[in-house]
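What follows is a single structure, written as structure tokens, with notes after it.
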Amino acid sequence: MSERPLRADAQRNRARLLDVAVIAFADAPEVTLDAIAKHAGVGIGTLYRHFPTREALIEEVYRTELARLCDAVPDLLAADPPDRALRVWMDRFIDYMTTKRGLADALKMVIAAGGTPFAHSRERLVQAVGDLLNAGDLDTAGSGALRADVAPLDLLTALNGICLATGEPEQREQAGRLLDLLMDGVRAR
């Protein structure tokens, strides 16, 4: 038996809950579900209808943020040349990782309860970076904007290093400068 699609109002409530929860968990992992529901403008019953446990909500917040990041690639490539699209995506990656850092304690609770929030993260991220790199590769797109010999996992590793070194909000400007340096290494010469 397949699930029925959510009504429009239920979809809006679910989306509002996720938007509020991502901010709430990043700011204070111990935030109550009542506070999230109240801030989203829905009752606690509505929250539990969509997310039967705290862990289910946390895991869905994480997955939603990952999907937003990875699903943005086609739009970025449609709007900008491949090198610019990659640089914009890298900024979004830093923002995503900052959110993930804030969610770290909450995600630990999910893992302790048997959840697997990271099961598909790596392959989704590698695919997104690969799509961006391939769009700028002379062999596939003809633009030659990006080097063809950069492995997506290598670029992700470098991005993670930047996040580790500059993961605090007050270091965002420095993170941008480091991303610019990384882009200089990724661009075709």
Side-chain angles (χ1 to χ4, degrees), residues 1-79 85 88-129 131-132 156 159-160 162-164 166-172 175-176 179:
M1 177 190 273
S2 65
E3 277 187 39
R4 285 187 333 201
L6 293 176
R7 295 183 330 254
D9 62 329
Q11 289 175 1
R12 282 190 304 273
N13 288 342
R14 186 177 192 284
R16 221 174 20 250
L17 283 164
L18 289 169
D19 289 342
V20 168
V22 71
I23 295 165
F25 286 132
D27 289 343
E30 69 284 348
V31 65
T32 67
L33 296 183
D34 281 330
I36 291 171
K38 188 175 194 172
H39 193 70
V42 301
I44 192 68
T46 298
L47 185 147
Y48 281 118
R49 250 189 313 284
H50 292 286
F51 309 103
T53 66
R54 178 182 192 81
E55 291 78 16
L57 176 58
I58 294 166
E59 192 165 352
E60 189 58 25
V61 163
Y62 174 75
R63 290 180 194 277
T64 299
E65 291 303 296
L66 176 69
R68 283 180 184 160
L69 176 67
C70 294
D71 293 347
V73 169
D75 291 338
L76 292 173
L77 288 170
V88 170
W89 189 89
M90 289 165 65
D91 272 321
R92 291 181 182 190
F93 180 84
I94 295 290
D95 295 338
Y96 160 78
M97 290 298 286
T98 302
T99 300
K100 185 177 158 189
R101 181 179 273 187
L103 280 172
D105 290 337
L107 287 167
K108 287 177 189 171
M109 291 186 285
V110 171
I111 293 165
T116 57
F118 307 122
H120 301 288
S121 302
R122 182 177 169 169
E123 63 189 57
R124 292 265 349 244
L125 289 167
V126 168
Q127 181 65 50
V129 171
D131 290 348
L132 287 159
L156 275 174
L159 286 169
N160 277 310
I162 291 172
C163 290
L164 288 172
T166 61
E168 299 301 323
E170 61 272 8
Q171 296 174 299
R172 190 61 176 89
L179 292 177

For [X] versus [Y], what's the shortest heavy-atom pair and its separation?
| X | Y | result |
| --- | --- | --- |
| Ser121 | Tyr62 | OG-OH, 2.6 Å |
| Leu77 | Ala85 | CD2-CB, 3.8 Å |
| Ala37 | Leu17 | CA-CD2, 4.1 Å |
| Pro74 | Asp71 | CD-O, 3.3 Å |

Main-chain N/O of Leu69 paired to Trp89 side chain as donor or acceptor, under 3.5 Å: yes

Quick check for you: to the nearest 0.5 Å, what is the distance between [X] atom [atom1] and [Y] atom [atom2]?
| X | Y | atom1 | atom2 | value |
| --- | --- | --- | --- | --- |
| Ile36 | Arg16 | CD1 | CZ | 14.0 Å |
| Ile162 | Leu179 | CD1 | CG | 4.5 Å |
| Met90 | Leu156 | CE | CG | 10.0 Å |
| Leu47 | Asn13 | CG | CG | 10.0 Å |
| Glu60 | His50 | CD | NE2 | 11.5 Å |
| Glu59 | Thr64 | CD | OG1 | 10.5 Å |

Who passes side-chain hydrogen bond (donor to acceptor under 3.5 Å, both in side chains) against [X], sequence neighbours left out?
| X | answer |
| --- | --- |
| Arg92 | none |
| Thr53 | none |
| Gln127 | Asp131 |
| Glu55 | none |

Suppose we screen for side-chain contact (heavy atoms from CB on, under 4.5 Å). Which residues come up paired with [X], at least two apart in sequence or across chains?
| X | value |
| --- | --- |
| Ala79 | none |
| Asn160 | Phe93, Met97 |
| Asp75 | none |
| Ala15 | none |

Identify, with sequence neighbours excluded, every residue that meets salt bridge (charged side-chain N to carboxylate O under 4.0 Å, His left out) alongside [X].
| X | answer |
| --- | --- |
| Asp34 | none |
| Arg68 | Asp19, Glu65 |
| Arg122 | none |

All pairs passing side chain to side chain donor-acceptor pair (under 3.5 Å) where residues 36-48 contributes a residue, at least two apart: Thr46-Arg49

